[in-house]
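Numbers here simply count residues along the sequence, with the first being 1. Below, each value reflects all heavy atoms present in this structure, side chains not excepted, and no hydrogens, waters or symmetry copies. Every value quoted in this text rests on a predicted model; they were computed, and no experiment measured them.
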Amino acid sequence: MRIILLGPPGSGKGTQAQLLVQRYGIVQLSTGEMLRAAVAAGTPVGLKAKEIMASGGLVPDDVVVGIISDRIDQPDAKKGFILDGFPRTVPQAEALDELLKHKHLKLDGVIELRVNESALLNRVETRVAQMRERGEEVRLDDTPEVLTKRLASYRSQTEPLIHYYSERRKLSTVDGMMAIDEVTRAIHRLLLALGAVEPKTHTKGPTKSAAKSVVKAAPAKPGAKKASKKAKTAKKAGKGAKKPTKSAKKAAKKMSKKAVKKAAKKAVKAAAKKGAKKAPKKVTKKRAKR
Ligand code: AMP
């Protein structure tokens with residue numbers, strides 16, 4: 001899954017991104033977080049960004065595009081990612097399109113969290129109070145003055161992205177004023193509709209529908225069905241079916257997993273010899289194993 005969360009500061013992008021990370025095991029790529037880390041570490045990028053961030057302005061496009069491009073190449077981003085706080089300008093969005101094309105990656109969609117601006121100041125104040133309570137360091141740019149500036153730069157530079165992505169049929173909008181878990185549910189429904197996630201992703205191993213789609217994707221060559229049927233029978237025999245095949249009988253006798261596997265393989269081979277010259281081995285073997 002590769003998505004963008006779009007919304008003004010305080011719209012809940014970070015919160016929702018973290019929930020998605022927990023649920024789907026993908027990574028959150030927040031340019032804000034990366035820049036704050038760079039500032040803390042005193043890297044050249046950090047030194048460049050420090051003042052701009054403290055005043056609520058935007059760090060130059062080439063800097064953030066470079067950071068994101070490198071980050072997407074990291075192994076932990078292979079499974080998918082949520083972009084949080086990037087892109088923030090049309091040139092950044094264009095650069096992202098280019099770099100994804102170059103890396104042969106597809107963006108599933110852009111989810112806009114739409115919020116009532118008057119609620120944002122309140123939300124950020126609550127966030128600051130909670131961070132103080134937990135003894136965490138409060139962001140320098142989480143003050144009413146800087147927030148006003150950040151909102152202004154969102155309106156002038158980031159809001160045009162709504163048009164950019166809706167023109168490209170990538171945009172979906174969620175009401176960000178709902179309770180956190182309702183927003184999460186709405187995002188999940190969108191991800192399902194986009195085909196970015198499979199139903200019941202919390203179950204371990206391939207889901208039923210995932211397995212089905214694998215089988216469907218395999219070409220239905222004549223004989224493949226037979227092969228798969230025989231393999232199935234062999235497996236059944238291992239569990240004590242009434243009319244087992246020869247090879248399956250063997251498996252049933254030993255009652256060991258290994259033997260069932262072996263018998264299933266044999267059945268596949270035998271059936272394939274008869275008529276399924278190009279039987280989709282992977283599928284039939286998989287089925288046999290199940
Ligand atoms: P955030 O944590 O997303 O609110 O970002 C905090 C600050 O980092 C912003 O106010 C900007 O100064 C800077 N920043 C984060 N992401 C970007 C970006 N994509 N483009 C330019 N500046 C950014």
Side-chain angles (χ1 to χ4, degrees), residues 1-17 20 26-36 38-39 45-46 48-74 77 80-117 120 124 139 141 146-176 183 187 190-191 194 196:
M1 179 207 324
R2 290 176 213 96
I3 59 162
I4 295 173
L5 284 183
L6 197 61
S11 58
K13 296 187 305 288
T15 305
Q16 293 301 330
L20 290 169
I26 50 176
V27 289
Q28 171 191 11
L29 306 186
S30 155
T31 38
E33 288 294 330
M34 292 178 216
L35 288 168
R36 278 187 286 279
V39 170
V45 165
K48 230 183 192 177
K50 194 174 178 182
E51 293 302 315
I52 304 171
M53 290 174 76
S55 67
L58 289 186
V59 173
D61 290 339
D62 59 328
V63 174
V64 280
V65 170
I67 298 181
I68 280 292
S69 178
D70 291 346
R71 189 61 187 85
I72 287 175
D73 291 338
Q74 300 297 310
F81 51 76
I82 307 159
L83 292 173
D84 161 15
F86 179 90
R88 247 176 165 100
T89 64
V90 171
Q92 286 181 21
E94 288 166 349
L96 176 66
D97 283 347
E98 263 315 298
L99 73 87
L100 289 179
K101 200 169 139 193
H102 187 72
K103 294 179 200 290
H104 305 288
L105 298 174
K106 189 183 152 274
L107 189 68
D108 292 302
V110 179
I111 299 178
E112 179 207 359
L113 297 181
R114 191 165 288 177
V115 287
N116 178 348
E117 258 200 31
L120 293 179
V124 174
R139 282 169 53 170
D141 57 356
V146 182
L147 181 69
T148 310
K149 186 149 183 233
R150 283 161 68 202
L151 277 173
S153 74
Y154 179 81
R155 246 180 268 123
S156 63
Q157 311 212 57
T158 312
E159 243 172 28
L161 292 181
I162 293 172
H163 178 66
Y164 181 90
Y165 286 117
S166 95
E167 247 190 347
R168 286 158 180 75
R169 302 196 179 283
K170 287 279 182 202
L171 189 83
S172 311
T173 301
V174 166
D175 176 6
V183 175
I187 292 178
L190 270 179
L191 294 175
L194 289 170

- For V45 and A38, the nearest pair of non-hydrogen atoms, with its separation, is CG1-CB, 4.2 Å

- Test applied, side-chain contact (heavy atoms from CB on, under 4.5 Å); reference residue, L6; option that passes from D84, I111, T158: T158

- Task: Please report the shortest heavy-atom distance between A77 and I72, naming the atom on each side.
- Result: CB-O, 3.6 Å

- Side chains of L83 and L5: does their closest heavy-atom pair fall under 4.5 Å? no

- Verify, without hydrogens or angle tests, whether K13 (side chain) and G7 (backbone) share a donor-acceptor contact under 3.5 angstrom. yes

- Message: I want to check something: taking the side chain as every heavy atom from C-beta on, are L113 and I187 in contact at a cut-off of under 4.5 Å?
- Response: yes

- Message: For a 4.5 angstrom cut-off between non-hydrogen side-chain atoms, does E94 reach E98?
- Response: no

- Query: How many angstroms lie between CD in Q28 and CD in E33, if you round to the nearest 0.5 Å?
  - Reply: 6.5 Å

- Going from CG on L96 to CG on D61, what distance comes out if it is rounded to the nearest 0.5 angstrom? 12.0 Å

- Query: Does atom NZ of K170 have more than 12 heavy-atom neighbours from other groups under 6.0 Å away?
  - Reply: yes

- Task: State, without any angle test, whether T89 and Q157 hold a side-chain donor-acceptor pair at a distance under 3.5 Å.
- Result: no

- Message: Can you tell me how far apart CG (L151) and NZ (K149) are? Round to the nearest 0.5 Å.
- Response: 12.5 Å

- Task: Evaluate side-chain contact (heavy atoms from CB on, under 4.5 Å) for M53 paired with V59, printing each intermediate quantity in order.
- Result: CA-CA 7 Å; M53 290 174 76; V59 173; 4.0 Å; yes

- Task: Work out which heavy atom in L120 is nearest to a heavy atom in S11; give both atom names and the distance.
- Result: CD2-N, 4.0 Å

- Query: Can you check whether G57's main-chain N or O pairs, donor with acceptor, with S153's side chain at less than 3.5 Å?
  - Reply: no

- Task: Taking the side chain as every heavy atom from C-beta outward, state whether I67 and L35 have any pair of such atoms under 4.5 Å apart.
- Result: yes

- How long is the gap from CG on L190 to CD on E112, to the nearest 0.5 Å? 11.5 Å

- Query: Does the side chain of D108 reach to within under 4.5 Å of the side chain of K106, using non-hydrogen atoms?
  - Reply: yes

- Message: Rounded at 0.5 Å granularity, tell me how far CE in M1 sits from CG in L20.
- Response: 6.0 Å

- Message: Walk me through whether V110 and L161 qualify under side-chain contact (heavy atoms from CB on, under 4.5 Å).
- Response: CA-CA 10 Å; V110 179; L161 292 181; over 6 Å; no

- Cation-pi between R150 and Y154: NZ/CZ under 6.0 Å from ring centre and within 45° of the ring axis? no

- Query: When rounded to the nearest 0.5 angstrom, what distance separates CE in M34 from CG in L29?
  - Reply: 4.5 Å

- Find out whether I3 and I26 are in side-chain contact, i.e. whether some heavy atom of one side chain is under 4.5 Å from a heavy atom of the other. no

- Message: Is it true that K103 and S69 share a donor-acceptor pair across their side chains at a distance under 3.5 Å?
- Response: yes

- Task: Could you walk me through whether V64 and L58 pass side-chain contact (heavy atoms from CB on, under 4.5 Å), step by step?
- Result: CA-CA 10 Å; V64 280; L58 289 186; over 6 Å; no

- Dump the intermediate steps for side-chain contact (heavy atoms from CB on, under 4.5 Å) on I4 and Y165, then the final yes or no. CA-CA 10 Å; I4 295 173; Y165 286 117; 3.5 Å; yes

- Item | Check: R168 and D97 side chains under 4.5 Å, non-hydrogen atoms | yes

- Query: Tell me, do I52 and P60 make a side-chain contact under 4.5 Å, heavy atoms counted?
  - Reply: yes

- Item | Backbone N/O of G85 and side chain of R88: donor-acceptor pair under 3.5 Å | yes

